[in-house]
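Shown next, in structure tokens, is the structure this report addresses.
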Amino acid sequence: MVINIPDWCKLGSEIEWYAPRWTGVEGWVKEKVIGYVYNGFLHQAPDCPIYRTEFSEYGKTVREAK
């Protein structure tokens, strides 16, 4: 299987994620890309759960960290 990884989503990159339902935070949170799945990636902040997001969510609920 080949996974096409977008340039913004390299391992170790910081992303910002907006998901108040899951995080309990009404804003963007910084997390690091830690792995990949067939149509998305795994990300995690220190001392937090691991989350999975689809690549297609870029610009909606995930963006490059500022």
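- N39 CG to I3 CD1: the interatomic distance, rounded to the nearest 0.5 Å, is 9.0 Å.
- In this structure T23 satisfies the side-chain contact (heavy atoms from CB on, under 4.5 Å) test together with W17, V25, V29, sequence neighbours excluded.
- No more than 12 heavy atoms of other residues, nucleotides or ligands shown are found within 6.0 angstrom of NZ on K66.
- Other residues sharing a hydrophobic cluster with L42 under the 4.5 Å side-chain heavy-atom criterion for ILVMFWY residues are I34, V37, I50.
- Remark: S13 pairs with no residue by the side chain to side chain donor-acceptor pair (under 3.5 Å) rule, at least two apart or across chains.
- Pairs of residues two or more places apart, or lying in two chains, that qualify as salt bridge (charged side-chain N to carboxylate O under 4.0 Å, His left out) and include a residue from residues 14-30 are E16-R63.
- Screening residues 20-40 for ring pair (Phe, Tyr, Trp, His ring centres under 6.0 Å) gives Y18-W28 as the qualifying pairs, with residues at least two apart or on separate chains.
- To the nearest 0.5 Å, atom OH of residue Y51 and atom CD of residue E31 are 7.0 Å apart.
- Legend: salt bridge (charged side-chain N to carboxylate O under 4.0 Å, His left out) pairs involving residues 38-60, not counting sequence neighbours, sorted by first then second residue: R52-E54.
- In this structure, CH2 on W8 lies 6.5 Å from CZ on F55, to the nearest 0.5 angstrom.
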Self-check item: H43 vs T53, side-chain contact (heavy atoms from CB on, under 4.5 Å): CA-CA, chis, key distance, verdict
Solution: CA-CA 8 Å; H43 50 95; T53 300; 2.6 Å; yes
